[in-house]
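Notes to accompany the following structure.
Only heavy atoms go into these numbers, but all of them, side chains included; no hydrogens, no water, no symmetry mates. In this text the structure is predicted, and so the values were computed from the model without any measurement. Residue numbering restarts at 1 for every chain, and letters A, B, ... go by the order of the sequence lines.
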Protein chains: 2
Amino acid sequence: MTDLLSAAPEDPREPMSFRDIKQVVLDRIESRVWPPDSLLPSEKDLAEEFSSTRTTVNRALRELAEEGYLERRRKAGTRVLNAPVRQARLAIPLVRDEVVAMGASYRYVLVGREELAAPGWLAARFGLPPQARVLHVRCMHFADARPFQFEDRWIVTDSVPGVLEADFSAIGPNEWLLQRVPVSNVELTFSASRAGAEMAEFLDAAPGDPIFTVERMTWLRGAPVTFARLYHVPGYGLTTRI
Amino acid sequence: MTDLLSAAPEDPREPMSFRDIKQVVLDRIESRVWPPDSLLPSEKDLAEEFSSTRTTVNRALRELAEEGYLERRRKAGTRVLNAPVRQARLAIPLVRDEVVAMGASYRYVLVGREELAAPGWLAARFGLPPQARVLHVRCMHFADARPFQFEDRWIVTDSVPGVLEADFSAIGPNEWLLQRVPVSNVELTFSASRAGAEMAEFLDAAPGDPIFTVERMTWLRGAPVTFARLYHVPGYGLTTRI
DNA sequence: CTTCATATTATGTATAGACATAATAACCTA
DNA sequence: TAGGTTATTATGTCTATACATAATATGAAG
């Protein structure tokens with residue numbers, strides 16, 4: 001097995017790629033050859049060591065910094081972070097795609113649809129004017145005829161031209177919106193809530209069951225677009241890897 | 001306001017950076033100038049349009065692909081993804097840092113510590129041999145004297161030299177581990193569970209309350225290191241933005 | 001000795017060209 | 001006409017150099 005702490009691959013003819021360099025640097029960080037808070041050699045010095053160029057070394061170190069291992073500042077140099085600020089990346093798929101990826105078939109059912117003045121709590125969350133109108137849509141998503149997710153969504157009608165003409169009987173609001181509204185900013189909040197009576201009925205749960213809940217707020221060019229609460233069937237877990 | 005759909009900034013003397021190019025391309029995607037599934041002009045053509053080089057255009061498009069907007073393949077070109085596969089990035093801070101960031105003061109208390117054979121469910125999860133030993137540590141994390149998080153952790157003793165000598169009375173196992181064990185691979189699962197009697201007592205909750213739960217499994221160079229369940233005080237939400 | 005100005009250094013990013021390679025298009029042969 | 005081969009193209013990445021700029025070190029002056 002190649003000694004990854006060495007600078008060069010065993011075959012001297014094979015140049016070190018930016019990925020090779022990342023791996024060597026990461027190995028040195030993890031083995032404490034370069035301990036937390038220590039200053040790395042300059043890019044210029046590393047380029048010499050790896051028989052590479054500053055641009056290639058820069059890319060390797062920049063990506064390690066983006067991944068939370070290093071801190072870089074001009075002139076100050078590159079430092080190993082004391083506690084890596086690791087970041088998990090969560091893919092946010094369409095619920096249809098998520099169900100299909102589970103190997104199940106997807107089904108959608110509209111539960112309710114009404115146009116109304118934005119409730120106070122929503123106007124407050126979004127900073128909406130008092131008379132703002134929203135479309136409130138509730139729907140169910142099924143996986144192989146079993147409940148998977150209950151969706152409770154409010155759409156700001158001024159932000160989505162044509163939304164009042166959409167009846168959402170055949171297609172869910174999220175898929176409809178994705179076709180029409182590119183969304184720039186999303187805020188997600190994961191939490192646990194308690195199943196109320198209606199929730200329990202739709203999700204085949206018992207009232208009081210703990211429900212994994214995702215709140216999703218979206219904006220387009222600074223204007224609020226939607227607020228959705230997604231309630232998952234009991235037992236659901238959202239998994240990601242770093 | 002500068003018309004961002006134009007290729008060049010108004011001031012012809014200011015060259016377009018890779019960030020400018022990203023923004024123009026993103027604007028064209030969001031405004032459907034380049035609709036979903038469409039093929040973008042080649043990097044060479046875009047470099048000409050932006051009076052730039054392939055390397056600069058490549059960086060802009062590569063980052064947009066990493067952010068989930070584009071799909072790129074050699075020779076096949078660059079396409080706009082039908083549904084952006086957006087990814088949220090979750091910073092995974094130390095619980096101490098999370099509490100301090102909230103403006104509260106942090107306190108740690110060891111609840112229990114015992115060495116034992118790995119329970120069957122854990123051996124199964126990690127693929128451990130039947131006689132594997134683990135250190136089971138339970139502890140509480142407080143924010144301003146209020147319960148914040150209950151931590152239930154199993155540490156594979158073979159993977160962590162010195163762990164049996166650690167009593168964890170003054171410092172939590174996670175901080176202790178971070179000082180000694182760089183962790184390469186992490187799997188996180190977010191879910192909702194129900195507060196049992198002990199949990200309710202520690203977290204100042206009622207039995208049966210929904211509890212936002214994070215399971216964290218870690219490996220180093222392929223070997224299992226820890227399995228932790230983090231239970232959060234009722235009302236806790238984990239927020240991230242895309 | 002302290003403060004301010006200047007020099008130096010290390011990273012951030014751009015350019016131009018080169019080579020590698022995956023994927024598609026075009027061409028040739030049976 | 002279909003299948004196989006070859007050419008072409010578009011992206012992936014590297015090199016070498018240059019310029020920008022943030023941050024630190026050094027030196028000069030009061």
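Phosphate proximity of D:dG12 to B:Asn58: present, with a side-chain N or O under 4.0 Å from OP1 or OP2. Distances shown here put every side-chain N or O of B:Thr56 at or beyond 4.0 Å from the OP1 or OP2 atom of C:dT13. Between A:Arg19 and D:dT13, a side-chain N or O to OP1/OP2 separation shorter than 4.0 Å is present. Residue B:Thr78 has no polar side-chain atom (N or O) positioned under 4.0 Å from OP1 or OP2 of D:dA10.
Ranking C:dA23, C:dA18, C:dT15 by closeness to the B:Arg73 side chain, first place goes to C:dA23. Nearest to the side-chain atoms of B:Arg54 among the listed nucleotides D:dT11, C:dT13, D:dA16 stands D:dT11. Taking only side-chain atoms of A:Arg74, from C-beta outward, the nucleotide of D:dT24, C:dT11, C:dA23 with the closest atom is C:dT11. Candidate nucleotides C:dG17, C:dT13, C:dA14 were compared by shortest atom distance to the side chain of B:Thr55, and C:dG17 ranks first. Counting only heavy atoms from C-beta on, A:Glu43 has its side chain closest to C:dT11 among C:dT9, C:dT11, C:dT15.
Residue-level contact check: A:Ser42 touches the backbone only, with heavy atoms under 4.0 Å from sugar-phosphate atoms and none from bases. Among the heavy atoms of the strands lying under 4.0 Å from A:Arg59 are primed sugar atoms or P, OP1, OP2 only; no base atom is included.
Separating the NZ atom of B:Lys44 from the P atom of D:dT8 is a distance of 15 Å, rounded to the nearest angstrom. Taking atom CZ of B:Phe18 as the reference point, atom C1' of C:dA16 lies 19 Å away to the nearest angstrom. For the pair B:Leu61 CG and D:dT13 P, the computed distance is 13 Å after rounding to whole Å. Distance CZ (B:Arg72) to P (D:dT9): 18 Å, rounded to an integer number of Å. Rounded to a whole Å, the NZ atom of A:Lys22 is 14 Å from the C1' atom of D:dT13. Remark: P of D:dT9 and CG of B:Leu40 are 19 Å apart, rounded to the nearest angstrom. Rounded to whole angstrom, the span from the CG atom of A:Leu70 across to the C1' atom of C:dG12 amounts to 16 Å. Taking atom CG of residue B:Leu46 and atom C1' of nucleotide D:dG12, one finds them 16 Å apart after rounding to whole Å.
Aromatic ring pairs are classed by plane angle as parallel below 30°, tilted from 30° to 60° and perpendicular above 60°; the pair A:His141 and A:Tyr108 is tilted. Aromatic ring orientation, A:Phe212 versus A:His232: tilted (interplanar angle from 30° to 60°).
Ring to ring, A:Trp219 and A:Phe126 are close: their centroids are under 6.0 angstrom apart.
Among A:Tyr231, A:Phe148, A:Phe150, the one residue that satisfies the ring pair (Phe, Tyr, Trp, His ring centres under 6.0 Å) test with A:Tyr236 is A:Phe148.
A:Val163 places a side-chain heavy atom less than 4.5 Å from the side chain of A:Trp176.
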